[in-house]
Protein chains: 2
Amino acid sequence: MKISDDQLVDSTKTRRRGKELEAAILKAVQVELSTVGYSNLTMEGVAERSGTSKAVLYRRWPNRAELVLAAIHARVPLPLEEVPDTGNLRDDLLSMLRSMNKNITETVSDALFGLMAELGNISLAALLFPHGRQNRTMTILLQRAVERGEIRPDAIKSRILTLPVDLARHELLLYSKPMSEETITEIVDEVFLPLVAK
Amino acid sequence: MKISDDQLVDSTKTRRRGKELEAAILKAVQVELSTVGYSNLTMEGVAERSGTSKAVLYRRWPNRAELVLAAIHARVPLPLEEVPDTGNLRDDLLSMLRSMNKNITETVSDALFGLMAELGNISLAALLFPHGRQNRTMTILLQRAVERGEIRPDAIKSRILTLPVDLARHELLLYSKPMSEETITEIVDEVFLPLVAK
DNA sequence: GAATTAAGATACTATTCGTTTCTTATTTTT
DNA sequence: AAAAATAAGAAACGAATAGTATCTTAATTC
């Protein structure tokens, strides 16, 4: 860490350790990802931005891919966000997809592709859902919709359950940018709701 | 190009040029992709396998990504395959998805992810559909189904039209391996057909 | 206050991209 | 048929970067 010349005493003179240092490094990875992108992200660059050295990085992560992976997993612990409850299924769904739309950024997509290329022999599914696909949110939404009498209970097979999120993910992967509001409503109104309507 | 010692005369002694040479190089890229994968594919490796030198590669393609891209586009000109006509929509759809299933291999997926990471600022859609999404096949299938009176003509909105292929692509991207027969029938029987049925 | 642990600096090796230069086989032109 | 033009192939090179190894010293633990 360089001390600028006009700084007689290094006021930040403190050697960070453990979790504090780790957090600073992961933050630096995220900044590097969003500024230079995955393929131009270097260990040197991350070390410099986080004010440490490569050795420190390699003591924690065996290689670049694992470091980036850690940074991705670290960024907001995959917001087990509040399951929306607007009082009706349609608005619940729209709300859920909009929130998903916000959380998958171009930066994240870029990193996902990079990781897929570099990790090899791993599926995108394994990368995205290390603990298996959950569908927690959709399960809750639909349960409530059944209770309200909005949909046919028997319509909810596994493939239907994941349909809105699957289509949204497909769209996000394909275009690496947020979905339009129109796309979101199409998924809900033209595909999902007709399949579960009474 | 090395001549093996037990070969007194180099029977293949001929300096390939133009299209012939280019084809050999692209073939070598495909072999490298399927043996070592995108991230371990090197220009040296391709040069060696195709019996030429790096300079030759760089005279044709500005960098590794463009070379791989050319190889992907070269492999079977995206089989504008025969549109199946089995006499009924359901079997037509199954047939189409099965054929799609065969043509997207693990190797291709791996290369797609690698290219996405390396090309930067390009969407997967732009990579997959340089001329825009066509949906030629689905359009024909559905037209025939309408003529047979199998489905409601008004059901065919753009999002519905692309639905089976979108879901299949999503599945292939997510798992980097062929879909199960069960997945294919689910897409057709649980999602698509109910949406267009009379 | 001594001993231990880990941060940070620095140098090093190996790989690989992309470039350059040179020779010579092959094709085209005269 | 010879001369000229073109492009292949060999080889060496510089730059970037992954990953390793070593050493000093700050921070923590005992």
Side-chain angles (χ1 to χ4, degrees), chain A residues 1-4 9-29 32-33 35-71 114-115 117-120, chain B residues 1-4 9-29 32-33 35-71 114-115 117-120:
Chain A
M1 186 168 21
K2 281 284 164 48
I3 301 172
S4 60
V9 180
D10 180 9
S11 57
T12 67
K13 172 79 164 262
T14 177
R15 209 176 252 193
R16 295 159 303 175
R17 292 192 161 208
K19 287 300 170 193
E20 182 194 356
L21 177 57
E22 188 165 318
I25 292 168
L26 294 179
K27 177 69 190 167
V29 172
E32 285 291 291
L33 279 179
T35 52
V36 302
Y38 183 89
S39 70
N40 294 315
L41 177 146
T42 68
M43 297 302 265
E44 271 290 338
V46 171
E48 196 169 343
R49 185 179 293 279
S50 55
T52 183
S53 75
K54 282 201 297 176
V56 174
L57 307 185
Y58 281 107
R59 270 177 212 127
R60 290 177 163 72
W61 301 277
N63 53 55
R64 194 174 74 127
E66 292 289 339
L67 169 58
V68 172
L69 190 54
L115 286 173
E118 205 156 311
L119 289 174
Chain B
M1 187 168 19
K2 281 285 163 49
I3 301 173
S4 60
V9 181
D10 180 9
S11 57
T12 67
K13 172 75 164 265
T14 178
R15 210 176 251 191
R16 295 159 303 176
R17 292 192 162 208
K19 288 298 172 195
E20 182 194 355
L21 177 57
E22 188 165 318
I25 293 168
L26 293 179
K27 177 67 190 169
V29 172
E32 286 291 290
L33 278 180
T35 52
V36 302
Y38 183 89
S39 71
N40 293 314
L41 177 147
T42 67
M43 298 302 265
E44 271 291 337
V46 171
E48 195 168 345
R49 188 180 291 279
S50 56
T52 183
S53 75
K54 281 200 301 176
V56 173
L57 307 184
Y58 281 107
R59 270 179 212 126
R60 289 177 163 73
W61 300 279
N63 54 55
R64 191 174 76 129
E66 293 289 339
L67 169 58
V68 172
L69 191 54
L115 286 173
E118 207 155 310
L119 290 174

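Below, chain A is the first sequence line, B the second, and so on; all start at residue 1. No hydrogens, no waters, no symmetry mates; every other heavy atom, side chains included, goes into these values. These numbers were taken from a predicted model, which means no experiment stands behind them.
In the set C:dT10, D:dA8, D:dA18, D:dA8 carries the atom at the smallest distance from any side-chain atom of B:Val56. Checked against C:dA6, D:dG19, C:dA25, the side chain of A:Arg15 finds its nearest nucleotide in C:dA6.
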query = Going through the distances and angles, do A:Thr35 and A:Asn40 end up as a side chain to side chain contact (heavy atoms under 4.5 Å, CB included)?
reply = CA-CA 9 Å; A:Thr35 52; A:Asn40 294 315; over 6 Å; no

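Contacts between residues 35-48 of chain B and DNA chain C, defined by a heavy-atom separation under 4.0 Å, are made by B:Leu41, B:Thr42, B:Met43. Scanning residues 17-29 of chain B for heavy-atom distances under 4.0 Å to DNA chain C yields B:Arg17.
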Residues 41-49 of chain B, side-chain donor-acceptor partners within the protein, below 3.5 Å, at least two apart:
{"residue": "B:Thr42", "atom": "OG1", "partner": "B:Gly45", "partner atom": "N", "Å": "2.9"}
{"residue": "B:Arg49", "atom": "NE", "partner": "B:Glu32", "partner atom": "OE2", "Å": "2.6"}
{"residue": "B:Arg49", "atom": "NH2", "partner": "B:Glu32", "partner atom": "OE2", "Å": "2.8"}

List the atom pairs, with distances to 0.1 Å, where a side-chain N or O of residues 53-63 of chain A and a protein N or O form a donor-acceptor pair under 3.5 Å, not counting sequence neighbours.
{"residue": "A:Asn63", "atom": "OD1", "partner": "A:Ala65", "partner atom": "N", "Å": "3.2"}
{"residue": "A:Asn63", "atom": "OD1", "partner": "A:Glu66", "partner atom": "N", "Å": "2.9"}

Close N/O contacts between protein and nucleotides 20-22 of chain C (under 3.5 Å):
none

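Within the model, atoms CZ of B:Arg64 and CG of B:Leu69 stand 12.5 Å from one another, a figure rounded to the nearest 0.5 Å. If you take CZ on B:Arg16 and OG1 on B:Thr52, they are separated by 6.5 Å, rounding to the nearest 0.5 Å. Rounded to the nearest 0.5 angstrom, A:Leu21 CG and A:Ser50 OG are separated by 7.0 Å.
Atom pair B:Glu118:CD and D:dT17:P shows a separation of 13 Å (rounding to whole Å applied). Regarding A:Trp61, its CH2 atom lies at a distance of 10 Å from the P atom of C:dA7, rounded to whole Å. Put simply, CG on B:Leu57 is 11 Å from C1' on D:dA8, counting in whole angstrom units. In this structure, A:Glu32 places its CD atom 14 Å from C1' of D:dT17, rounding to the nearest Å. One interatomic measurement links the two molecules: OH of B:Tyr58 to C1' of D:dA11, which rounds to 15 Å at whole-angstrom precision. Remark: P of D:dT17 and CG of A:Leu67 are 16 Å apart, rounded to the nearest angstrom.
Between A:Thr52 and the phosphate of C:dG8, there is a side-chain N or O to OP1/OP2 separation shorter than 4.0 Å.
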